[in-house]
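Here's the structure we're looking at; comments come further down.
The figures here come from the full heavy-atom set of this structure, side chains too, leaving out hydrogens, waters and symmetry mates.
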Amino acid sequence: MLSRPKPGESEVDLLQFQSQFLAAGATPAVQLVKKGSRRGGSANPDQPLRQDHRDVVMLDNLSDLPPALVPAPPKRARPSPGHLLAEHEDPEERLNRHDQHITAVLTKIIERDTSSAAVNLPVPSGVAFPPVFHRSQGRQGKPATCGKRSIFAQEIAARKVSEARVPPVREVVSTLDPPEGTVTCESLLPREQDYQVPWGSQSFQGPHLVTGKGLRGQEAEKEAQTIHEENIARLQAMTPEEILQEQQRLLAHLDPSLVAFLRSRSCTHEKTEQMATKEQRPRGPSPEVTGEEPIMTTSASESRQEDELEPGAPALALPVTPHKEWLHMDTVELEKLYWTQDLPPLQRQQMQERMQARFSLQGELLAPDVDLPTHLGLHHHGEEAERAGYSLQELFHLTRSQVSQQRALALHVLAQVIGRAQAGEFGGQLVGSVLHLLLDAGFLFLLRFSLDDRVDGVIAAAVWALRALLVAPGDEELLDSTFSWYHGALVFPLMPSQEDKEDEDEDEEHSTEKTKRKSPEEGNRLPSDLARYDVIKGLLATNLLPRLRYILEVTCPGPSVVLDILAMLIRLARHSLESATRVLECPRLIETIVREFLPTSWSPIGAGPTSSLHKVPCAAAMKLLRVLASAGRNIAARLLSSFDLRSRLCRFIAEAPQELALPPEEAEMLNTEAFRLWAVAASYGQGGNLYRELYPVLIRALQAVPKELSTHLPQPLSMQRIASLLTVLTQLTLTASDTASKLSDSAGATPSLITWTQVSGLQPLVEPCLKQTLKLLPRPKMWNALGPVPTACLLFLDAYYQAWSQQPGLCPGDWLQDMERLSEELLLPLLSQPTLDSLWNSLGRCSPLCNPQSCAPSPEALSSLVSLGCTGGCPTLSLAGSASPFPVLTALLSFFNTLVRIHKGLCGQLATVLAAPGLQNYFLQCVAPMAAPQLTPFSVWALRHEYHLQYLALTLAQRMATLQPVPATNAALHHSMALALLSRLLPGSEHLAHELLLSCIFRLEFLPERASGGPEAADFSDRLSLGSSRDSGCERGALLAQACQDLPSIRSCYLTHCSLAQASLLASQALYRRELQRVPALLLPLPKEPLLPTDWPFLPLIHLYHQSSDTPSGFPAADTVGTAMRALQWVLVLESWRPQALWAVPPAARLARLMCVFLVDSELFRETPVQHLVAALLARLCQPEVLPDLNLDCPLPGLTSFPDLYANFLEHFEAVSFGDHLFGALVLLPLQRRFSVTLRLALFGEHVGALRALGLPLTQLPVSLECYTRPPEDNLDLLQLYFRALVTSALRPHWCPVLYAVAVAHVNSFIFSQDPKSSDQVKAARRNMLQKTWLLADEGLQQHLLHYKLPNSSLPEGFELYPQLPPLRQQYLQRLTSGMPQNGIRDLV
């Protein structure tokens, strides 16, 4: 047995083993089987396998040369079994027969004859190398070349042309090289010129496409003429229709560019022949045309043709004559020199009504007919070259230029366009919004891509443009100037309030699924999708923050770029808490800003411009930290602890602004922003440890305030700094007050670093400042220049006395005595000043509620990019204007409330401010009927400050009403104002709404009608309107008196059902109660809508209805009767004494809410108190002055469809009413003729059984019967249902007297109407119904239908009857019933 090969054996050993194996003749361990072909199986399956046939490798006779590459025999495809080819059929013929390609027609192709082509050998030269070509050498007479060719290639081509000595050929050659694959057109022979086709006026002078070029001279002409004659003969054999059809088919199949080329060649050839004919007529025989005289097409270059025809005349009026010695001017391409010509004249008479907007380099909109000189650089564009300026499309194109200067210029122009658009300079001049157009075109991401540019100038321009888009300078100025107002540091987030449209449309999606989809990454949505609804979110998704950090840290840009980036970061931080957190957590961003732009030591900076802001303190950086801290107390704590802001605050506050080595304005702003950042931190109870260190600085600054206020004209920056200083002291004083209250409440509270003894000495320093400012009140110019300083002084005194009164270890007599002193010395003299009355009188003029146009959004407002819209500044007489009375009056009312709450003896003296005529007139304007204010970003900010003044005035009135035994004369006005304010309060004011419900809304002192004969007057009014007295138990006066007694229960009911979100309420309470340790943030909730709906008095009824829908049948909600009773009592009080409070709720919506009472369960409406209250409210809805406003066909707030509600109401009535008359009155009220026919069809078509329970007498119908019978019914389906209900006795007078009279009236009007415009269907139905009435067996019904005259509720039937039919009706009846049997009609007529 042979052994296996081992690793050390060579190839020779393997061959030796093979020889030994074969010589031994042993059986191999493996048998080799050769498979057949895959296609045909085994080659010969019947032939047995040869045993001696083995694969043997022989190396002895192996050739040294590789085998020859002989091609293998061609493979033949195996025919398909179903498609066998015939042996006699030629495959080529079969292919030609089935070929549908256009090459199938090219059956006869003649090879190009090149025998006569000249072959030129290179000219021998006597030098070793060719001569050097100099560019300055003249090259006259050289042909023009097409395309871009190098100078060397042009010289070689010119040399070849000069060396060629070939005689010209009789052919016409185009100077333009034809495109590859096209056929050139040649001239025709003279004998073909007179050949015409009989059809049409078109003459065929010869072939235009097939010229025979490339063949021998005679064969070329003969072959082209043969093809031409065949084409002519084929055209003559076709009809004009067939020719047009074939033409359309060719045009549909051929390439449009090829068709245009062929047409241009044909037109050119015809024009050339016409010109040649004109020249031949006077001269005789036509000259010989050679290849040296090319014919140009019109589309190629008309100017070049003119130049060749008339060499002496220049084709273009160029400002300079080009010389061929100039660089790249060896071949003058005139079509590329059109831009050097003078601009065409501006044709003003052809100016269209709407033209493309063009802007100057300063972003100004240029008029369409403005004529500006060209040296301004405003004409470098192709379209509308005569018009100056650049369009947005051209600027977009320029931003993608390869030249960095052009990119920067385009971005600069776009930035200025955006700035002017936001300022409203384009209002009324452009169709649409510039900002909308830019964002839709992708401008946002164009700027983001430009930030990644390598050129610093482009980056600077992109940053400027992005700042112009995101940041409105007026917004920041407004928010900074109002920082020291009453709760002025609290702002709404500048983010879109509308939700994603895709989320709104997907109603079937559950809320949990929406929550899952809205992940922190916004569901991994693309930045472009995010930017459609929120520009800030879209930008943050593009990694904007790391790029801005890189620009600040690595590229070290100039001061303008730094300020632009800081302004953008401030805008991002104002967007939302999420955005502020992302700015804070961006790696090394805040570290870079603090290190580079808030250093504690720097080189002195002069008043002039500086080259760099790095390592120089910057007020914008401090403001960024302040805005970030306002977003949340945790962010403020991280800033103070992680970035060493305490040392920087000490550094910038310890020195006076004039002592800082900075420009004066920058030093003032830096000091102001440091105070504001400290005030924000103190609003959370943080930063108190700085007070002890900076106490001498603060005292010195306070002592200098009166001197600064006594200057000739206070400077705005100085006034802002003083107000910020007072705001810091206010918050620090509240910190001491908050600590005292916490220590008194719980022993485990966190102690504060500030005690009362440390702040008690501030009041003697601030009070002189207030006195100094009040002296300037009679001088309006000086008073307006003070800005927020008087407001800040009053707010400090407010906080000071509040903190003083909360100190547990002090004597109350001390602060009470000091309050009396302050009142006598300062406050009472202030109230007697006539200039204070002028402030109250200007409330209405500056009110955004009374002047909603002042809060209207600008035309360029973007829903995806929120802005306050204050770019142009606020008017002087506005809430945010310099002459606004709101800040100082709000602070004054807040101070008065604190004094009255602590010292009740001052209430009578200080409450006289409520009697100011200006305040009363302002309240009257606020409670007057008006549309709900539109919630825009600026309006919600302004309305919040206005609501503060209204709430504080009402709180003072409530405190005064509590202490006075006699109701005030303006109590009703104050109550109406409180009701209006409650329905208008915005998110963030939950505490105010809760306090209004607790104090003002349900306070008996604000209902003077109770003690002045209001219930008796209500009863007397009802007797006058209804004409009869009701039961004493259900009279409206008694119900109102009972409601006044039940006001505490009513208040408890509404506090339960109008409850606000607990977390929001607690946060709002912490802000307004000044509990600093519980304040979560100075960023308010997003204001999507008011806190309470306009129909909040009906909320308990709506909640009962929803609870009954969710609760299983038979299990009513707890205290259902009490809740319904309290709600109905309060609605009755408002309907009777405060109707203006329900003006925002349409009468139809009130009716729908009353219907909910009957849908709660089957027993609630049977309760006697509920019956009386609903009946009284229904009577109020049916009053003549209210009934015309009852419109059931319009959309109702809170109701998807009134017909659906009414169908549910009918079903419930049919099931549980048992003929209740009040229930029936509510069913009948929507069936009036002026309302939708759908409601009547629902009753007579789907709920006919309910007719038997509608037994309401005609005398108890709340509205006139004519409301149901006039005008006559015109719906044929309803009329047929009326007639069927009458005939089938489903509608009887003793079951349903009201609808019986209504049905009889409408059927009678229909059967006797003779309108000639009626359709045939209506006429047939009328005739059929009258004939059936004639044949009725019920004589009573027959008499009612035929003899009906007028409705009359006093009669038992509800209508009057004709004693006999009028003649016209009698004749009409006889004409239609002639020949029919008379069932008792003989006696009737």
> Where do Q1129 and L1173 land on the side chain to side chain contact (heavy atoms under 4.5 Å, CB included) test, with the steps shown first?
Replying inline: CA-CA 7 Å; Q1129 283 179 319; L1173 291 168; 3.8 Å; yes
> Would you find more than 12 non-hydrogen atoms of other residues, nucleotides or ligands less than 6.0 Å from Q1183 atom CD?
Replying inline: yes
> Charged N to carboxylate O below 4.0 Å: is that the case for R1166 and D1220?
Replying inline: no
> Would you say the ring centroid of F1202 lies under 6.0 angstrom from that of F1209?
Replying inline: no
> For the residue pair H948 and Y1072, is the inter-centroid distance of their aromatic rings smaller than 6.0 Å?
Replying inline: yes
Mark yes or no for whether [X], through its side chain, and [Y], through its backbone, hold a donor-acceptor pair below 3.5 Å.
X: D1019; Y: G1037; result: yes
X: T1056; Y: S1052; result: yes
X: R1150; Y: V1145; result: yes
X: T912; Y: Q909; result: yes
X: E1167; Y: V1121; result: no
X: D1119; Y: G1122; result: yes
X: R1233; Y: P1271; result: yes
X: T890; Y: F886; result: yes
X: T1269; Y: V1302; result: no
X: Y1268; Y: L1299; result: no

Flag the pair [X] / [Y] as yes when at least one side-chain heavy-atom distance between them is below 4.5 Å, and no otherwise.
X: P1097; Y: L1142; answer: yes
X: L1128; Y: L1154; answer: yes
X: S1021; Y: R1036; answer: yes
X: Y951; Y: L985; answer: no
X: I1001; Y: F1006; answer: no
X: D1095; Y: I1102; answer: yes

> Under 30°, 30 to 60°, or over 60°: which ring-plane class applies to W1130 and W1096, parallel, tilted or perpendicular?
Replying inline: tilted
>> For Y922 and Q950, which I'm curious about, is there any donor-acceptor pair between the side chains at under 3.5 Å?
In response: yes
>> Using 0.5 Å steps for rounding, measure from the CG atom of D1189 to the CH2 atom of W1143.
In response: 12.0 Å
> What residue among L1261, L1265, V1298 forms side-chain contact (heavy atoms from CB on, under 4.5 Å) with S1353?
Replying inline: L1265
